[in-house]
Asks: 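So that we are looking at the same thing, I have put the structure below in structure tokens.
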Amino acid sequence: MTMNEVPKIELHLHLEGAAPPEFIRRMAQEKKVDVSGVFDEAGHYAYDDFVDFLRVYEAATAVLQTPEDFHRLTLAVLEQSAANGVIYTEAFLSPDFCGGRDVVAWREYLHAMQEAADIAEAQHGITLRGIITPIRHFGPDKAKETAICAAETAGDWIVGFGIGGDEAAGEPVDFAYAFDMAREAGLRLTAHAGEFGGPKSVRDAVNDLNVERIGHGVRAIEDPVLVEELAARQIVLEVCPGSNIQLGLYPDWSSHPIARLRDAGVKVTISTDDPPFFHTTMNNEYNNLAQAFAWDKDVFKDINITAANAAFCDETTRKTLLAKLE
Ligand code: ADE
Ligand code: ZN
């Protein structure tokens, strides 16, 4: 069974993390930015572990310097997603990398990304929405500045707020102020947890940040009571199996807890996180899951309906997505 033609909804994609390596190399050349230590000999992103991944991620992102760069990046990323049958994506966007959290600059970057998204929608039929993303290891003060950018640009296109970065840095509650500000601006909330943090990190994100979705969250599987709570509260997990396997959380696809979480009644969805970093694509995720768990097209359709219902978009967009899944 080929998964290419299955229409897909992706809720967890870091825009810079989706940059094709060739794109970053070309831009590094144009701008004369040193990207040594970013790629291996085969030209792939190269890193040793999660913390090193974050270092390489930030080094690669340093070549992206202007709104025009982000316009080009957005086009390149959406073209790639559309080729994988993705019809709707929510991308994590970081004011940290777009003008250093200055609201005026951030609006210019945002405008450039939205323009590119309009072009991609017309050309490839893919819809993009943005989730503004503070970076945990940059600390709570920068997260507050990021939340101001989020509050200033919240609307039909910037639809969510969700923290990424190193889960070992601080506690979710340290970021509660930023999340409260985003919620008051009308944004919907998600947070990375239960990737490198254990079950407690998932509980803390749900209780201290009031998120309705969790980025990853897979390590909830280590606590059966938490699994029941997630199912009962209908918290949606943005699961990125290939990312988890590549970063060493699980040795292989059949060991990944996504199927056990789903069987326990937890709402799971499927995303790629940072596809070229993890040598994956949406088609690759679907093909590997189909093989590991004997999932057929009906299972994937059910998961995509869950994703459409958990998307942070407006109701008109959601209706269109649900119709496309039929
Ligand atoms: N930023 C980009 N990818 C990430 C991941 N998988 N976890 C945390 N922060 C990230
Ligand atoms: Zn992520």
Side-chain angles (χ1 to χ4, degrees), residues 9-21 24 38 44-62 64 73 77 81 86 89-98 129-139 142-143 146 160-172 174-175 178 189-198 201-202 204-205 209 211 213-220 236-250 256-258 268-282 285 307 310 312:
I9 292 181
E10 178 160 44
L11 301 180
H12 190 118
L13 179 77
H14 299 263
L15 185 68
E16 310 87 18
I24 294 295
V38 169
H44 301 128
Y45 292 113
Y47 51 88
D48 299 327
D49 54 21
F50 179 60
V51 171
D52 196 43
F53 156 77
L54 292 172
R55 174 193 65 80
V56 171
Y57 187 105
E58 283 159 32
T61 300
L64 300 162
L73 172 65
V77 169
S81 296
V86 178
T89 293
E90 282 175 13
F92 293 112
L93 311 175
S94 304
D96 289 283
F97 302 135
C98 298
R129 294 290 184 269
I131 298 177
I132 296 197
T133 309
I135 294 167
R136 188 150 157 179
H137 52 277
F138 291 179
K142 288 182 175 154
T146 303
F161 188 75
I163 194 162
D166 188 355
E167 264 189 73
E171 298 295 331
D174 303 336
F175 300 91
L189 306 178
T190 178
H192 283 62
E195 181 190 19
F196 287 90
S201 73
V202 176
D204 289 350
L209 301 178
V211 296
R213 297 191 336 215
I214 295 277
H216 301 287
V218 287
R219 290 194 54 200
V236 174
L237 304 188
E238 305 153 6
V239 184
C240 310
S243 160
N244 297 156
I245 293 161
Q246 193 66 30
L247 287 172
L249 272 72
Y250 305 103
H256 194 280
I258 186 170
V268 301
T269 61
I270 303 164
S271 295
T272 56
D273 210 5
D274 308 282
F277 281 87
F278 305 132
H279 308 286
T280 194
T281 60
M282 281 292 264
E285 298 288 319
F312 291 160

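As the structure is a computational prediction, the values presented were derived from the model and not from experiment. Read the numbers this way: they start at 1 and go in the same order the structure lists the ligands and their atoms. The first residue of the sequence shown is numbered 1, and numbering continues consecutively from there.
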Asks: Among all protein heavy atoms, pick the one closest to atom 9 (N) of ligand 1 and tell me residue, atom and distance.
Replies: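 Going atom by atom, the protein heavy atom closest to atom 9 (N) of ligand 1 ends up being G165 N, 2.8 Å.
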Asks: Examine distances only and state if a side-chain atom of Y45 and a backbone atom of H279 form a donor-acceptor pair shorter than 3.5 Å.
Replies: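 Not confirmed, Y45 side chain does not pair with H279 backbone.
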Asks: Suppose I only count heavy atoms of H216 and a 4.0 Å limit; which atoms of ligand 1 are within that range?
Replies: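 Counting atoms of ligand 1 from 1, those under 4.0 Å from H216 are 6 (N).
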Asks: Check whether F312 forms a cation-pi arrangement with R213 (NZ or CZ under 6.0 Å from the six-membered ring centre, at most 45° off the ring normal).
Replies: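 Yes, cation above the ring, under 6.0 Å and within 45°.
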Asks: Passes side chain to side chain donor-acceptor pair (under 3.5 Å), E285 versus T280? Steps please.
Replies: CA-CA 7 Å; E285 298 288 319; T280 194; 2.6 Å; yes
Asks: Which ligand 1 atoms, with their elements, are less than 4.0 angstrom from a heavy-atom of Y57?
Replies: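 The atoms of ligand 1 under 4.0 Å from a heavy atom of Y57 are 2 (C).
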Asks: Backbone, side chain, both or neither: what part of F50 comes under 4.0 angstrom of ligand 1, heavy atoms only?
Replies: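 Under 4.0 Å from ligand 1, F50 contributes side-chain atoms alone.
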Asks: Taking 4.0 angstrom as the limit and counting only heavy atoms of D273, give me the atoms of ligand 1 inside it, by number and element.
Replies: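 Close to D273: 3 (N), 5 (C), 6 (N).
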Asks: Among protein heavy atoms, which lies nearest atom 1 (N) of ligand 1, and at what distance?
Replies: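 Scanning the protein heavy atoms, the shortest distance from atom 1 (N) of ligand 1 goes to H14 CE1, 3.4 Å.
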Asks: Could you check whether the rings of Y47 and F277 sit parallel, tilted or perpendicular, using 30° and 60° as the cut-offs?
Replies: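 The rings of Y47 and F277 sit tilted, inter-plane angle from 30° to 60°.
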Asks: Between E238 (side chain) and S271 (backbone), is there a donor-acceptor pair under 3.5 Å?
Replies: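 No, the answer is negative, given that no donor and acceptor are paired below the 3.5 Å cut-off.
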Asks: Do any nitrogen or oxygen atoms of D274 lie less than 3.5 angstrom from nitrogen or oxygen atoms of ligand 1?
Replies: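 For ligand 1, there is an N or O atom that lies under 3.5 Å from one belonging to D274.
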Asks: May I ask whether F53 has any heavy atom positioned less than 4.0 angstrom from an atom of ligand 1?
Replies: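 Flag set, F53 near ligand 1.
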Asks: Would you check if the distance from the ring center of F92 to the ring center of H192 is below 6.0 Å?
Replies: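 So the answer is yes for these two rings.
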Asks: So, does E167 use its side chain to make a donor-acceptor pair with the main chain of E195 at under 3.5 Å?
Replies: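 Side chain of E167 to backbone of E195, a donor-acceptor pair under 3.5 Å: yes, one is there.
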Asks: How far is atom 7 (N) of ligand 1 from its nearest protein heavy atom, and which residue and atom name does that atom have?
Replies: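 For this ligand atom, the closest protein heavy atom is E195 OE1, 2.8 Å.
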Asks: After noting the C-alpha distance and the side-chain angles of E58 and H137, does the key distance pass the side chain to side chain donor-acceptor pair (under 3.5 Å) rule?
Replies: CA-CA 12 Å; E58 283 159 32; H137 52 277; 2.8 Å; yes
Asks: Backbone or side chain, does any N or O of S243 fall under 3.5 Å from an N or O of ligand 1?
Replies: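 No; the residue has no nitrogen or oxygen that sits under 3.5 Å from a nitrogen or oxygen of the ligand.
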Asks: Keeping the roles fixed (side chain from H14, backbone from E16), state whether a donor-acceptor pair exists under 3.5 Å.
Replies: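 No.
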Asks: For F278 and F53, I'd like to know if the aromatic rings sit close, meaning centre-to-centre distance below 6.0 Å.
Replies: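 Ring centroids of F278 and F53 are less than 6.0 Å from each other.
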Asks: Which N, O or S atoms belonging to the protein are less than 2.8 Å from the Zn ion (ligand 2)?
Replies: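 Within the sphere that stays under 2.8 Å of the Zn ion (ligand 2), the protein atoms of type N, O or S are H12 NE2, H14 NE2, H192 NE2, D273 OD1.
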Asks: Is it true that a side-chain atom of D174 and a backbone atom of E171 form a donor plus acceptor pair closer than 3.5 Å?
Replies: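 Indeed, once roles are kept as given, a pair shorter than 3.5 Å links the two residues.
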